Amino acid sequence: MPLSLVENARPNALPVWIVTGPDLPETMPAFSRIFASASGFSGKPGDMLVVPAADGSIAGMLFSKGRDHEAAIYGKLGANLPKGDWFVQDDLSAGAAAFVALGAYVFSRYIKDKTAERSLAVGSACTEALRIADACSYVRNLVNTPTNDMNPETLEAEARLLAEQHQANISVISGDDLLTENFPMIHAVGRASAFAPRLIDLIWGKPDAPKVTLIGKGVCFDTGGLDIKPSSSMLLMKKDMGGAAHVLGLARMIMEAGRNIRLRVLIPAVENSISANAFRPGDVLTSRKGDTVEIGNTDAEGRLVLADALTLAVDERPDLLIDMATLTGAARVALGPDVIPFYTDDDGFAVELAMHAKTHEDPVWRMPLWKPYAAKLSSKIADTNNVTADGFAGSITAALFLKRFVPDGILWAHFDIYAWTNAPKNSCPVGGEAQTIRALDALIAARYG
């Protein structure tokens, strides 16, 4: 349902009384208090009740956040707020207000949304709440869009539009130019598609500011290649560009906030398709770094395109290097769809991120870069294999594969995201979801301002 967050209440807006339990606010009219008590308002987290005035008109609405609430409970307010104009009696925090907006999210590109417009005045945090919520909704929209409308060409167009909106520079290397410019694994993974593979490179900010580089896996559809997935496993493969959507969403948050960084966004955008020139199991590819990679499975393609992008990124030795990718099913087996595993050698970064993740209810969990497992990626004919033979520790070994393309001394973190919600949550319907970017935005703000 469409919902507009505004700072100040519109004329004739009705109040939303936010409570922590069954106790009713003194500011409510006496008749409304009697009605709420008689209705058995329990004040459980997420409970809502529209209450009348003595003349039969609507006096306002009760919403319970609960005593030990998480801010995400405010998503229920956004999802269920009746039509009309409303205001909260006390200003909301930016995080709570953002969850209100995210709870109202609907992916309506392909449907006629006939629901009534609603507004909610949330106070002085409105601008910050919209910065957060709009970026997360942007990520959701990109992920939810099917591949016929979100292929490598249209993903490039989205990046170009974002660059134009924020006066960023953007360049793209596509097709056989990837071979000329030495991005052989991006080319190999994407060459079988009707849409040429490409590397999108967006740069924003002052050249002398701290360098933050974001890399997002942009596999716009993953058939699995010649190691083809079963049809049931392809149903959500439009979301395999979720890493690209996330770094674009995080970049949007950073640029809108005017952070004091020099931001770079790299997106290898491909489709992992099947045709006569598709790369094959058993092929040996030479990476941009020069390491050779035996292809144990063509369905482990995301790490290949990320490896070439990482090799480019480390040339300028960024102060912070982050990659985000819908990389492994093993991550979901380990931590489920909501908790995102991340990998880093930097203990300070890990502690700092965990703090911001808790504050912003954006859950992450540090996983080990367990070096002994790197031997599982050995090959008899190449420097490494892209998969292990035993299938164990799939998320860890994928991270270790990427780590070989990042030299020591660079602060690097890898996020194995899901980018999807399988069941409705307070702040998100089933579909694409933005994960970790609120925590990362807060970390970048704390580090660089």
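Everything numeric here is computed off the predicted structure, so don't read it as measured data.
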Pair L285-I295, side-chain contact (heavy atoms from CB on, under 4.5 Å): steps then yes or no: CA-CA 8 Å; L285 306 180; I295 304 304; 3.8 Å; yes
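- Ring geometry for F349 versus F415: interplanar angle over 60°, hence perpendicular rather than tilted (30 to 60°).
- A 6.0 Å sphere centred on CD of E128 holds more than 12 heavy atoms belonging to other residues, nucleotides or ligands.
- Every side-chain contact (heavy atoms from CB on, under 4.5 Å) that D208 has, sequence neighbours left out, goes to K206.
- Applying the side-chain hydrogen bond (donor to acceptor under 3.5 Å, both in side chains) test to pairs two or more places apart or on separate chains, those with a residue in residues 177-190 are D176-H187.
- The ring-ring contact (aromatic ring centres under 6.0 Å, His included) pairs that include a residue from residues 119-147 number zero, where partners must be two or more places apart or lie in different chains.
- Taking A97 as the reference, L5, L92, V122, A129 meet the side-chain contact (heavy atoms from CB on, under 4.5 Å) condition, with sequence neighbours excluded.
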Give every donor-acceptor pair under 3.5 Å between a side-chain atom in residues 406-414 and any protein atom, sequence neighbours left out.
{"from": "D408", "atom 1": "OD1", "to": "K403", "atom 2": "NZ", "distance (Å)": "3.4"}
{"from": "W412", "atom 1": "NE1", "to": "D323", "atom 2": "OD2", "distance (Å)": "2.9"}
{"from": "H414", "atom 1": "ND1", "to": "D323", "atom 2": "OD1", "distance (Å)": "2.5"}

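- Side-chain atoms of D383 and T292 include a donor-acceptor pair closer than 3.5 Å.
- Residues D47 and L62 fail the side-chain proximity criterion, which asks for heavy atoms closer than 4.5 Å.
- Note on residues 158-167: pairs passing side-chain hydrogen bond (donor to acceptor under 3.5 Å, both in side chains), not counting sequence neighbours, are E156-R160.
- No donor-acceptor contact under 3.5 angstrom links the side chains of T388 and Y373, judged on distance only.
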